There are 2 protein chains.
Amino acid sequence: MPQQTAPPGRRDRKKQQTRQALIAAALRLVDERGLDHVTVEDIAEAADVSPRTFFNYFATKDEAITGDQFVDDHETRERFLRVPREVPTVRALLLALEPLLTVMEADHELWLLRFRVMDANPALIAGLIGRSAAVERELVTAIALRLGVSPEDTYPQLTAAVAGAALRTAVMRWAAAGGTPSLVELAREAFDLLAHGLTDPTPTIKDNR
Amino acid sequence: MPQQTAPPGRRDRKKQQTRQALIAAALRLVDERGLDHVTVEDIAEAADVSPRTFFNYFATKDEAITGDQFVDDHETRERFLRVPREVPTVRALLLALEPLLTVMEADHELWLLRFRVMDANPALIAGLIGRSAAVERELVTAIALRLGVSPEDTYPQLTAAVAGAALRTAVMRWAAAGGTPSLVELAREAFDLLAHGLTDPTPTIKDNR
DNA sequence: GTGATTTTTGCAGGCCGTGCAAACTTTTAT
DNA sequence: ATAAAAGTTTGCACGGCCTGCAAAAATCAC
């Protein structure tokens, strides 16, 4: 084997191009007009393909906008299980997620737009969360496995759900703020708050540790 | 005013009847055949109304199954704000939610079936969560108000999202277990874990406080 | 009973998403 | 180069969800 990844031929290049065009068109149009005033036909037209082709790339209109998977279940699970056992679960989850966040920040242009559009069209958030339910289920078993408890226990299920919520919050805040505090920082802040039991903040006085 | 609630006439009684019939039909059919193998027409037929009438009662097929609102935003918000300031936020949220859970337990037959059906048809969960996003937004402002911080801060947003996740977990576990540990107990367990920072459980040895 | 109000229903229509088979393009082998 | 194989795009037909509108039917108020 000369190289692990064979150089993609013209065919795959064209596919990627079409995919990008569809995503870009979808985001632009929905950003301009709102979700309800954009049809799949509009998107296909703007990307210069037939409406039928749209569905060769995405199972749903929403998927072109939100992205099919915003965390890769398998990779994340693996990374989580590789974290040394001494590290507490919540911290281990953060560590397992961080590479992902870094990748998103590298593509911040795309993701900021995506989340801005989602924020403006709440119907999309449901779909996003729904799709992340698959990841959550993976996480439940991974957490249970790592701790040696049953996946039916409260702890794994609660922790997976809560971590998902924390991640979502961090990402939405990142997008709302336009990307100024880094996503990794925001996530760390969220997970730290979690690990401290969400103790109430003191309004006026800031306690630095 | 002789009484606060005027006795409902035949008209309102019939409406309630139709509504119940539609919900019951929807749940029964989807439970039997799965979400994809039940059409609105089927449900309407089983409830003995026209398909068009179905949409006079529910905005969506899913809504007849999941219920339009599984927590009442306004009531919960009020209750939350009435909890004395000394009570920490997480605990106050639990207190504000408990009456709701009690109501659900009173109707456990309906709710257990509902959540069983949702568990079997993940597409429904997305919708459920999506609809609870409205509640979450209410909670964010309520938490911020109570603490005297900005609704843009991390704490209110994170806490609202996390509380929602914890509530959802409790309810799903309650349904999965068939209602044996009481819903209120499960919710308390979840919120206690939250307040303790999700510290890792010890697998074999149980520590009772 | 009569008229006003509300609910139900049918109808037409737009959009989403899918299966299928024909046309087309790229790749592979000769 | 040429032909066969493999993969992609497209059109067509169809079922299902959901909406607006106006006519018909039921209920209510007098």
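Not measured: the values here are computed from a predicted model. Protein chains get the first letters and strands the later ones, always in sequence-line order, with residue 1 at the start of each. Just the heavy atoms: all of them, side chains too, but no hydrogens, waters or symmetry mates, feed the values below.
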Closest contact, heavy atoms only, B/Leu128 versus B/Phe115: CD2-CE2, 4.2 Å
A/Lys14 vs D/dT8: side-chain N/O to OP1/OP2 distance below 4.0 Å: no
Within 6.0 angstrom of A/Glu109 CD, more than 12 heavy atoms from elsewhere: no
d(CZ, B/Arg52; P, D/dG16) in whole Å: 18 Å
CA sep, side-chain torsions, deciding dist, call: A/Glu189, B/Thr154, side chain to side chain donor-acceptor pair (under 3.5 Å): CA-CA 8 Å; A/Glu189 186 189 8; B/Thr154 296; 3.1 Å; yes
Can you give each donor-acceptor pair under 3.5 Å made by side-chain atoms of residues 44-56 of chain A, sequence neighbours left out, with the distance rounded to 0.1 Å?
residue, atom, partner, partner atom, Å
A/Ser50, OG, A/Arg52, N, 3.4
A/Ser50, OG, A/Thr53, N, 3.2
A/Ser50, OG, A/Thr53, OG1, 3.2
A/Arg52, NH1, A/Asn56, OD1, 3.4

Nucleic acid contacts of residues 55-65 of chain B, taken as heavy-atom distances under 4.0 Å to DNA chain D: B/Phe55, B/Ala59, B/Thr60, B/Lys61
Nucleotides bounding contact with chain B, strand DNA chain C, heavy-atom threshold 4.0 Å: C/dT5 to C/dC11
Proximity to DNA chain D (any heavy atom under 4.0 Å), residues of residues 18-51 of chain B only: B/Val38, B/Thr39, B/Val40
Closest non-hydrogen atom pair, B/Tyr155 against A/Leu193: CD1-CD2, 4.2 Å
Pairwise side-chain contact, A/Tyr57 with A/Lys15, heavy-atom cut-off 4.5 Å (strictly under): yes
Nucleotide D/dG7, atom P - distance to NZ of A/Lys15 in whole Å: 10 Å
Audit row: A/Arg79, A/Leu100, side-chain contact (heavy atoms from CB on, under 4.5 Å) steps and yes/no: CA-CA 11 Å; A/Arg79 269 198 303 270; A/Leu100 215 82; 3.9 Å; yes
Which residues share a side-chain hydrogen bond (donor to acceptor under 3.5 Å, both in side chains) with B/Asn121, sequence neighbours left out: none
Set of residues satisfying side-chain hydrogen bond (donor to acceptor under 3.5 Å, both in side chains) with respect to A/Arg19, sequence neighbours excluded: none
Reference residue A/Arg77; test side chain to side chain contact (heavy atoms under 4.5 Å, CB included); the match among A/Val135, A/Leu139, A/Thr141: A/Thr141
